[in-house]
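Let me begin by presenting the structure, written as structure tokens, before commenting on it.
Quick note: numbers below take in every heavy atom, side chains included, and nothing from hydrogens, waters or symmetry partners.
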Amino acid sequence: MKKILTLVTIILISCQPKNREAIYLIEGEAQGSTYHIKYISDTKEDLKPSIDSILRVIDLSLSTYLPASAITKINEGDSTVVVDNHFRTVFEASQQIWRESGGLFDPTVGVLVNAWGFGKKKIEESDLPTDETLEKLKQYVGFDKVQLTDDNHIRKKDSHILFDFNAIAQGYTSDVVAAYLNTKGIKNYIVEIAGEMFLRGKNVVDNKPWTIGVENPIKPLDDKELIATIQFSDKGLATSGNYRKVWVDSNGRKYVHSINPITGKSTPSDVLSATVVAPTTMYADGYATMFMVMGLEKSKMFLEKHPDMAVLLVYSNDKNEELIFKTKSFEKLIVY
């Protein structure tokens, strides 16, 4: 699974532990990106092999980049595949967000992802889909055209329908790794996978809350600038953005990975990035993607009906000025 690495910085400064507990760090590659896990424990048990095993199992369920994964086989038309609980959890959460978004969040967007060159195969400018092509492809998009049966089989109305859970799977993976740390009796940690993270407890070594910096999506990687610094615990955070995974044609038109499944278009909305804090990273991930496709005004309308959601949107106006919208719930998390 590949997705843009979100612009979130973990701010963590620690001194030497004053007791047996210490901060441990596990790092590695996962799902087309990297992962970083900080946790506090009084044991030196090596957790990396188990965590890497968890990541492999999820990839074998949900990664469109693995030929042997369940999702790849389903996309290729194998109706005999029995999906696991990872697939079912992500499928059902996606179905909920699909309904709430009026179809603007839709993991059956795979044929459009491929058509615009954001799948495994890149395309040339001459291969860009025409409006006529998009109209044909849209018949293979729609979460109402797929079903997950009670015996864990996928039924598709058309074999051309392709799943792509990249907009939610990495957030889900962070939740799964967090749940594993809970089973090990670890109560204070930050799990971050491709920028999507779940936090629990605090930095008890230094007696400080975990502090997260949200970066300005417009600034280049070598010139980081924080637009908000927040503190929270026992929640997930995800950021989606069209600031890096984008390509421009010879006429200066931009094409972004946040594709509108209703229009089939790959043109960017006025929302440049969306940061969401939610009870799980999976839902934070899915909603962040949803806001990117919705655009500012529809996002504001949605958030008026969901006042408890903690959301920060970076957007541009008609003067191409960079502006910020924050919900009251998000403002409560800001420390500076």
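- Asn85 CG: 12 or fewer foreign heavy atoms inside a 6.0 Å radius.
- When only modelled atom types and interatomic distance are considered, Asp46 and Tyr24 share no side-chain donor-acceptor pair under 3.5 Å.
- Side chains of Phe291 and Thr275 form no contact here, defined as non-hydrogen atoms less than 4.5 Å apart.
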Checklist line | Test side-chain contact (heavy atoms from CB on, under 4.5 Å) applied to Ile230 and Phe330, step by step | finding: CA-CA 9 Å; Ile230 60 177; Phe330 193 92; 4.0 Å; yes
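- Here the side chains of Asn188 and Asn203 are not in contact, with every heavy-atom distance at 4.5 Å or above.
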Margin query: Between Ile74 and Phe87, is the side-chain contact (heavy atoms from CB on, under 4.5 Å) condition met? List the steps.
Written below: CA-CA 11 Å; Ile74 291 168; Phe87 196 107; 4.0 Å; yes
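- For residues 295-312, no pair satisfies side-chain hydrogen bond (donor to acceptor under 3.5 Å, both in side chains), with sequence neighbours left out.
- With Thr64 contributing its side chain and Asp164 its backbone, the two residues share no donor-acceptor pair below 3.5 Å.
- Hydrophobic clustering of Ile, Leu, Val, Met, Phe, Trp and Tyr side chains at less than 4.5 Å, counting indirect connections, keeps Phe165 apart from Val82.
- In summary, the side chains of His86 and Asp84 do not present any donor paired with an acceptor at a separation below 3.5 Å, with no hydrogens or angles considered.
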Margin query: For Asp106 and Ile262: C-alpha separation, side-chain torsions, deciding distance, then whether side-chain contact (heavy atoms from CB on, under 4.5 Å) applies.
Written below: CA-CA 9 Å; Asp106 193 331; Ile262 296 176; over 6 Å; no
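- Side-chain atoms of Lys202 never come within 3.5 Å of backbone atoms of Ser233 as a donor-acceptor pair (strictly under, hydrogens ignored).
- Side chain of Trp98 to main chain of Asp144: no donor-acceptor pair is present (N/O by atom type, distance under 3.5 Å, no hydrogens or angles).
- Separating the OG atom in Ser53 from the NZ atom in Lys48 is a distance of 11.5 Å, to the nearest 0.5 Å.
- The side-chain heavy atoms of Leu55 and Val177, taken from C-beta on, include a pair separated by under 4.5 Å.
- Going from atom NE2 of His153 over to atom CG of Asp78 covers 9.0 Å, rounded to the nearest 0.5 Å.
- Remark: Ile51 CD1 to Glu27 CD distance equals 12.0 Å, nearest 0.5 Å.
- Proximity of Val204 to Lys187: side-chain heavy atoms (C-beta onward) are nowhere separated by under 4.5 Å.
- In this structure, CE on Met301 lies 11.5 Å from CG on Leu296, to the nearest 0.5 angstrom.
- Annotation: side-chain hydrogen bond (donor to acceptor under 3.5 Å, both in side chains) contacts of Thr72 (sequence neighbours excluded): Ser69.
- Between Ile168 and Ile97 there is a side-chain heavy-atom pair separated by less than 4.5 Å.
- When side chains are defined from C-beta on, Phe163 counts as touching Asn75, because their heavy atoms get closer than 4.5 Å.
- Val57 is not listed as a side-chain neighbour of Ile54, based on a closest heavy-atom distance of 4.5 Å or more.
- For the pair Thr229 (side chain) and Val335 (backbone), a donor-acceptor distance under 3.5 Å is absent.
- Side-chain contact between Leu60 and Leu66: present, with at least one pair of heavy atoms (C-beta onward) separated by less than 4.5 Å.
- When ring centroids are compared, Phe91 and Phe143 come within the 6.0 Å threshold.
- Contact between Thr281 and Ala238 at its shortest, heavy atoms only, is O-CB, 4.4 Å.
- Phe302 and Tyr287 have tilted rings, their planes meeting at an angle from 30° to 60° on a 0 to 90° scale.
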